[in-house]
Participant: 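The structure under discussion is supplied below as structure tokens; questions concerning it will follow.
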Amino acid sequence: MPGRILALIIKEMLAVWRDRKSRFVLIVPPLIQLVVFSYAATYDVTHVTMAVLNEDGGLAGRELLARFEGAPAFDRIVRVADEKQMAAAIDSRAVMLALRLPQDFSRRIEAGGSAPVQVILDGRRSNTAQIAMGYANVIITAHNHELTAARGLTAAPGALAVRVWFNPNLDSLWVVVPGLVGILTQVVALVVTALSVARERELGTFEQLLVTPLRPWEILLGKTAPALLIGLIEGSIILMAAQLWFQVPFIGSIPLLYGALVAFLLSIIGVGLFISAVSSTQQQAILGAFFFLVPTMTLSGFATPVENMPDWLQVATLANPIRHILTLMHGLFLKDLPAAQAWDSIWPMLAIAAVTLPGAAWLFRKRLY
Amino acid sequence: MDTLSVIRGVTKRFGETTALDDVSATIAAGRITGLVGADGAGKTTLVRLLAGLLLPDHGQITVCGHDSVTATDGLHAAIGYMPQRFGLYEDLSVAENLSLYAELRGLAPSSHRATFEHLLDFSGLTGFETRLAGRLSGGMKQKLGLACALIATPRLLLLDEPSVGVDPVSRRELWRMVHGLAEDGVGVLWSTAYLDEAERCHSVLLLDQGRLLRDGDPAAMTRHFEGRSFVVRGMTDKRATQSAARARADVTDALIQGAGVRLVMVENAAPPLASTLTDSPGATVKPAPPRFEDAFVALLEHRDAAIPPLPTWRPRGGGGITVEARGLTRRFGDFVAVDRVDFTMAAGEILGLLGPNGAGKSTTFRMLCGLLPPSAGEARTAGIDLARAAPEARQRLGYMSQKFSLYPDLSVRQNLNFFAGVYGLAGPRRRDAIARMIEVFGLGRMVDRNAGGLPLGFKQRLALAAAIMHGPDILFLDEPTSGVDPLVRREFWGHINAMAAEGVSVLVTTHFLDEAEYCDRIGIIHRGRMIALDAPDAIKAGIRSATLPDPSLEDAFVALVERADRRRES
């Protein structure tokens, strides 16, 4: 009996590897996604172009502008002559942010009073605009401090000293790449399992399997094991790329990481087999896989924080395996997540697997005929 | 006799495969030209070239003077084309399909009504105008397809395997319709893998592996074999007689036909004495009329492909087990696919299930081998209900479907390894079984090639090897020889007969009527019911009459189906 399942597993691995198309699916899209996500999906804002409407012309104004010119995030500063030009620059997306110094700016500062400046942001790019605004704030605050100090006044009593833990430079690669270990592994494992039964249905070999002495659960096991293996290999490759190529540190426990991946893969393979059981063609299986992938990615916290979602949706994300693996990956890469805390995210995935795998087996038996 | 179409030195390649190799022929008006050959012989490629859907690599094709490359508009106006998978829109009704084709062909709206009435009457579809095309039977679909192809009254009608999946009754009607068209002066090209259909054509183009083997009058080709075919009857063991005949140098072909064995002798050879072929005292050898198949087989035997040796291996099982169906019924929703089928099959028997697509043949078959649970009644194999999942019982059966069910991206050896593994063969037993299969089926040169790229005949051998390498006691074969050429089919039945002689029971479905003659008994399934179950000769004898003194199995089939339909109506 173990011999039978072994024969099935060997066959499955050969079938996936020897088919040029499925070999391509395993290698090329994950690599492209790894590169695209890592380099494109960055939250850092650099190369901001800003417009300046300087109605003031005084010394204090020039000093403030010099600070903006010196900041690495703002690499181009466009001077505009009037309000109309400023509006046009924002309108045409030529600039992200505009700074307006009013006529009396330098005068007010010299008089020792407070001097308001206006910042106009392009709200169509709300995320980027907010980050740019943050940078602008920092520059203006620093300028204020200097002015207060120069006048011999004591600095404002409460000053923030910010230290970022785990990712000191707030490098978004450090956040994106660990997440990809989960996400890309999910895509590959899901597609491999979703296609496996559907491909056999198309070839007519599925019936051939059913008339052999193999029991349905043996067939399922023969489909689960190869997908688990392929998923682990894929995960390991991305893990290595993360360290060797992207130089993201990994400070957690490797056995814990693989334990988490196995739990995660089991829950995903259950879903894949579920899709495979209901699809009669490979096309349907691929559609089914994407039907699952798109919402679970959105609700995973990869792109938008789960904390920002409405409460009921946050509860729903608990049933989403990718959410848990993301928590685990970030924890294991960037801080040495202790096993007890890791377990808080691992058991939900095992619970999901305990539903999806038997569910798939049940549906599989029901759809045999 | 007008020549409608001229094919001159046409070659067509797809990648490394040569689909057509320097083919030259003509197609005449007012005649039915048969395009005959096995799957992969190049029939569909030639039809598509004639329809202007493919361009030849070399050579030229003209239809009614229009070149198929440069004058496609004129060519399309002159032809009617019915593709293999009927070009019907299954979600449109019969009438909607007709008007769609009328508009596509630019028929004047004023003439729609009269044309449709004429075509519906001609195709016997009057009364079915509102039925969705997808809901028609196989035969009716083909008739509608033909009606759609006839909308613009073509001068050349191209029919790509119109009789696949059509029951013998509808097939006769299709032929009657096409003969009527030919009498009106339409040139018809009818492509087929059925050799008995070739005999009904005025002229045939015989294709094999992309080459044109012969072009001419089928009757003349057959006449060449006059006086060379004989039937041996009256022996107790027909398989022993067949083997004895095959061993003789002066016999080119020996085939089981009902209770007899049909022989084809080499030219100018005397008929063999019955006593040299069998020990049965009452056996006789009588002359039989030649058939087109005799000519085809003789032509094929000159080709290079090695003709495989007869099997010399012995299956290990060989106990032979019985199959029993009692009140077997299967419903899909309201539709009763199989309706109270009863039969028992003896150990070591070859039983054929015969019937058109959709008659319930496959459903019955699937219930018998445990792929589908019955709605009522039961199917027992060796006393065990396979639908109740008994893996030990499934160990004793072998299964081969018409799709061959191989893993195309695995090599021959990997496929064999896999099937040996799932049947629990391990260690030396696995090595022995695989080595024996490779030897018996001549797969030695192919072991490292991918199964998907094998020639059809080798695919079939591999599929059979995979199904029998564990030594089953019963073999389930689902249309195992559809689309293969007569030589491959003979070889295949050689293996099956050898296994039956060892006591393996064989259940086979087929829609080749001449293949049914190889079986010990046949069951005819029509509209979900088993309307006849007997030895082929007894079934033929049952309808013998003064007007039909020597009925063929097809005659018997048609008569039985008509009788069953009359009984149903009354």
Side-chain angles (χ1 to χ4, degrees), chain A residues 1-26 192 195-223 225-226 230 280-282 361-362 364-369, chain B residues 330 332 362-363 365-375 381 386-387 389-411 413-427 429-430 450-452 463 466-467 470 472 474-476 478:
Chain A
M1 201 258 284
R4 289 202 188 115
I5 297 175
L6 188 65
L8 205 55
I9 293 173
I10 293 174
K11 185 270 303 176
E12 200 70 27
M13 299 294 277
L14 284 172
V16 169
W17 189 248
R18 289 174 66 99
D19 177 8
R20 233 155 43 96
K21 274 180 283 180
S22 76
R23 200 165 53 210
F24 178 86
V25 166
L26 286 189
V192 165
L195 286 182
S196 64
V197 181
R199 186 192 305 123
E200 298 224 28
R201 280 217 172 94
E202 269 182 21
L203 288 173
T205 48
F206 193 61
E207 301 205 324
Q208 191 81 44
L209 282 186
L210 293 180
V211 297
T212 64
L214 289 168
R215 294 173 174 84
W217 69 263
E218 293 176 318
I219 298 180
L220 276 185
L221 192 58
K223 297 278 174 201
I230 292 171
S280 29
T281 64
Q282 299 193 56
W362 171 79
F364 185 70
R365 290 188 73 104
K366 230 184 94 163
R367 286 260 313 166
L368 279 188
Y369 310 113
Chain B
R330 176 70 204 195
F332 295 105
S362 290
T363 309
F365 181 83
R366 289 163 58 82
M367 286 192 282
L368 290 171
C369 53
L371 283 172
L372 187 69
S375 309
T381 300
L386 283 176
E392 298 76 22
R394 286 204 296 267
Q395 181 77 38
R396 301 176 65 184
L397 65 89
Y399 171 90
M400 177 181 157
S401 80
Q402 55 177 327
K403 291 164 97 181
F404 295 156
S405 308
L406 300 164
Y407 293 95
D409 294 309
L410 266 59
S411 73
R413 187 182 290 284
Q414 285 164 342
N415 267 288
L416 288 174
N417 258 322
F418 169 66
F419 283 106
V422 294
Y423 279 104
L425 297 179
R429 279 179 60 210
R430 177 192 295 205
N450 277 8
H470 62 290
I474 178 161
L475 204 47
F476 289 94
D478 189 12

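Owing to the predicted nature of the structure, the values given are computational and were not obtained by experimental measurement. So you know, we letter chains A, B, ... as the sequences are listed, proteins then strands, and number each from 1.
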Participant: At what distance, to the nearest 0.5 angstrom, does CZ of B:Phe418 lie from CG of A:Leu6?
Facilitator: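 One gets 11.5 Å once the value is rounded to the nearest 0.5 Å.
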
Participant: Quick one: do A:Glu207 and B:Tyr399 satisfy side chain to side chain contact (heavy atoms under 4.5 Å, CB included)? Show the steps, please.
Facilitator: CA-CA 9 Å; A:Glu207 301 205 324; B:Tyr399 171 90; 3.2 Å; yes

Participant: Under 3.5 Å, side chain of B:Ser405 to main-chain N/O of A:Gln208, donor-acceptor pair present?
Facilitator: no

Participant: Provide the closest heavy-atom pair for B:Leu406 versus A:Thr205 in the form atom of the first, atom of the second, distance.
Facilitator: O-CG2, 3.5 Å

Participant: Checking the side chain of A:Arg4 only, and the main-chain atoms of B:Leu425 only, is there a donor and an acceptor separated by less than 3.5 Å?
Facilitator: no

Participant: Side chain, backbone, both or neither: which part of A:Glu202 has a heavy atom under 4.5 Å from chain B?
Facilitator: backbone

Participant: Roughly how far, to the nearest 0.5 Å, is the CG atom of B:Leu410 from the CH2 atom of A:Trp17?
Facilitator: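 Rounded to the nearest 0.5 Å, the CH2-CG separation comes out at 14.5 Å.
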
Participant: Could you tell me which portion of B:Gln414 (side chain, backbone, both or neither) has an atom closer than 4.5 angstrom to a non-hydrogen atom of chain A?
Facilitator: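 Just the side chain, heavy atoms under 4.5 Å.
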
Participant: Nearest 0.5 Å, what's the CG-CG distance between A:Asp19 and B:Asn450?
Facilitator: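 Output value for this atom pair is 9.5 Å.
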
Participant: Please check if the number of heavy atoms outside B:Arg413 that lie under 6.0 Å from its CZ is greater than 12.
Facilitator: no

Participant: Residues in salt bridge (Lys or Arg N to Asp or Glu O under 4.0 Å) with A:Glu200, at least two apart?
Facilitator: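 If we apply the salt bridge (Lys or Arg N to Asp or Glu O under 4.0 Å) test to A:Glu200, skipping adjacent residues, the hits are A:Lys11, A:Lys223.
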
Participant: Could you tell me whether the side chain of A:Val211 reaches within less than 4.5 Å of the side chain of B:Phe476, counting heavy atoms only?
Facilitator: no

Participant: For residues A:Thr212 and B:Arg394, report the shortest heavy-atom separation together with the two atoms involved.
Facilitator: O-NE, 2.7 Å

Participant: Would you mind telling me which of B:Ala466, B:Ser411, B:Gly398 has the largest number of heavy-atom pairs within less than 4.5 Å of chain A?
Facilitator: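 That would be B:Ser411.
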
Participant: Non-hydrogen atoms of chain B under 4.5 Å away: do they reach the side chain of A:Leu203, the backbone, both or neither?
Facilitator: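 Its backbone and side chain both get close to chain B.
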
